[in-house]
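Ligands are counted one by one from 1 in listed order, and the atoms in each one are counted from 1 as well. This structure is a prediction, so every number in the text was calculated from the model and none was measured. Position 1 is the first residue of the sequence, and the numbers go up from there.
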Amino acid sequence: MGGLPATSTTGLVDSPADGSAVGRLDRRVDGGLALTTEVNVGAALLRAQRRFGECRDLTALAEELVTEVHRCGHQRVLLLETVARSRHRELEVLAARGDLLLVAGRRFTGTDLTRMSPSAVVELVPGHPRAPRLAVWGVADASTPALEVLAAAGGAAWRALVATDDARRAGTELSGAQLLLSGALRLAGLGSWSWNPATGVVALDDRLREMLGLDAEEPDPDLDAWRARIHPDDRGPFTGVEDPAAHAGTSAPYPFRVRTADERERTFLGMSVPLATTSTSVVQGLVLDVSAGEKSTGELVRLAQCDSLTGLANRSVLDTRLAEALERATPTDAVALVLLDLDRFKLVNDTLGHQIGDALLRQVAVRLEDAAPPGATLARLGGDEFVVMVPGVSRTDAAALIARDIIRRVRSPMLLPGLPEPFVCTSSAGIAVGHSGTGDELFRSADMALYRAKDGGRDRVAVYDSAMRDEAQARRDAEHRVRRALRTDGLRVVWQPIVDLRRGELVAAEALVRLEDPVEGLLEPKSFVDTAEDTGLIVDVDTWVLGEVLRQLREWRRAGQGLQVSFNVSGKTLEHPAFAHRLAHSVESTGAAGSSLLAEVTERTLIDLSTSTRASLGELRSIGARVGLDDFGTGYSSLSYLDRFPLSFLKIDMSFVRPLGTSERAAAVVEALIGLAHAHGMVVTAEGVETEQQAAMLREMGCDRAQGWLFGRPVTAGDLPLPLPLPPAGP
Ligand code: C2E
Ligand code: MG
Ligand code: MG
């Protein structure tokens, strides 16, 4: 080292031999760096750093550390923030006091250091007022080519250092910085590994070998042997390490269990990062043993970063990685986001129980892991929503291929504990591919695509396109309209007559909702009911309509008039536990006749029949209301669900009624349907009857009731041609 006197201490290094003898890296008058060895900065500092991962009272530990650093004549401590992340809050207190310089961990990974802003680089240059006195740098490993790895790991900071110094002293600085680096790693209690595909070896540093209990003679493991030491459930973050070019790295620390040489299980906290230079391409990893504080630190980190049910990443980890991937992305190297949602998962939970639901989610996670390409990040956002984030995608159809493979794998039958038969679960996926913009924007796009996949019938993949943005806007407008109408008394009910076909008399009226929009005027349900369904606002809409129905019934009753009223009730509304209960209460308290009520439900409701829906339907029946099936023929058109719930009436959809008179087949189908419904004891109503011919044919076939423009369009209550008084003979 140079003979000039040292003027300021730049950094501390320890000797790799035992970790207690520490060197000092000094800045010389001529601007160069000088390394003085054998300066002991104090055992307390070393102990403090080592205990960092295990200590519960971090503030006390950090105080100890800072005191020790001050005692040794230094002013600040810089900690590798990735290690400190779980203790951020406490450390921030120290940082605010100026005792500690917290630098985001990302700066210390290869790719990010090279992207450091110039001002951040300057901060690391010795002599700068904010330059750290004790630095913990990057993830270099003694066995990897020194200059290249340091250039990659230290990147811009290193270049900034050499730029200020004479090229002649570059070598000295480099070895000093290297020593500083390995010393710093040791100080932080970190082990490091690197995987070099060129050599096929996973190089472990001494500290990691120690942590694993490896003998000095034992060679470093190859990739398979290293992976074999890791608990099978915890190998997820290592996905894709085979190919450093494709490995996305793990920007946030992840916990994983490892088997040591003496067959003990330890819990390590690790992170890895791909480092590519012109001549080498490696994956570097840092590891901290958190076994001692596993219940606190390890579990906390696990909870904070992993989805506890499936072990996949959670939302916050995904967000970080997505932001990083987008930062690196280019038009030919873009990021694909696949949002996956299981079809009708709620039904699984409701009918088979949560344990089976959980087992299903775990199996889906395993299938995702099998299907995901190297470098992908898999996450579960909660419920049955999964995400696969794939960097390095050049074309949308490549992403679609991945998504199709995923839903194909999820669809294949799975054995679930407690179920005698293999279970089949379909899923839908929405894809968005992007290379600019924010993660949030990409999420929104993928979400719109997922909506399209669900809306298109589920069990399919949809790729985002710009038209979806307009559709999404239209849905938002509709939602806004419904909310405003609910708030400002903007809903109306119109009534459509239902006649007895044989007697030709009005026997009932169907209550149909309308929305009085201040700008667009009176809107029909087609422009807002679907959105109300999607957003759950339908519960409020149905509740309001029913209130109006009861009010009208009372009014007619007071006037001595009687009429059955049909109302539409969505599956979502029936699902709501309070709905039927409140209805029963209103019927009781207002003295309205429950037997005048006809509740129309759809096939969908009966197919997805959950416990709460069944309870609501039961309650409706208990107040005397009749429950029937609306729009028969538009959905599954299978009467297999009839035995799930006793129905009083069936309405044949207008699509069956319209071809009557022009298609013999349609006539045969309608006739068969009427027979089938009668055999089940149901009263049959034909919808959308517009012509005398249709009415005559239906009458001939034995259809009981009819509704349609032939008998009357939906009108206000006052315009209904009410029978006076007529005790209804209903279904
Ligand atoms: P729906 O229950 O099947 O109601 C019958 C629909 O057919 C009504 O449309 C009605 O105006 C129309 N219609 C009746 N006769 C004829 C005809 O002869 N020809 C033609 N072309 N159409 C006819 P609307 O009022 O637009 O309602 C559409 C759907 O919106 C309803 O179908 C129902 O599914 C839903 N809906 C209406 N009100 C409510 C409500 O309060 N709650 C819920 N959840 N859904 C509602
Ligand atoms: Mg209806
Ligand atoms: Mg209908």
**Asked** Would atom 18 (O) of ligand 1 count as contacted, meaning some protein heavy atom under 4.0 Å?
**Response** yes
**Message:** Please tell me if atom 9 (O) of ligand 1 is touched by the protein, where touching means a protein heavy-atom distance below 4.0 Å.
**Reply:** no
**the Mg ion (ligand 3) to nearest N/O/S of E600 below 2.8 Å** = no
**Message:** Under 2.8 Å from the Mg ion (ligand 3), can any N, O or S atom of E687 be found?
**Reply:** yes
**Item:** Numbered atoms of ligand 1 (with element) below 4.0 Å of E690, judged on heavy atoms
**Value:** 17 (C), 18 (O), 19 (N), 20 (C), 21 (N)
**Asked** Could you give the distance from OG1 (T573) to CZ (F567), rounded to the nearest 0.5 Å?
**Response** 10.0 Å
**Request:** To the nearest 0.5 angstrom, please state how far the CG atom of L512 sits from the CD atom of Q496.
**Result:** 6.0 Å
**Request:** Decide, counting backbone as well as side-chain atoms, whether N568 has an N, O or S atom less than 2.8 Å from the Mg ion (ligand 2).
**Result:** yes
Heavy-atom gap [X] to ligand 1 smaller than 4.0 Å:
{"X": "E510", "value": "yes"}
{"X": "K651", "value": "no"}
{"X": "Q707", "value": "no"}
{"X": "K526", "value": "no"}

**Request:** Just need the protein heavy atom nearest to atom 35 (C) of ligand 1, so name the residue and atom and give the distance.
**Result:** P525 CB, 4.3 Å
**Geometric cation-pi criterion, R315 with F443: 6.0 Å, 45°** = yes
**Request:** Count the heavy atoms belonging to other residues, nucleotides or ligands that lie under 6.0 Å from CZ of R408, then report whether that count exceeds 12.
**Result:** yes
**Prompt:** V541 to ligand 1: N or O pair under 3.5 Å?
**Reply:** no
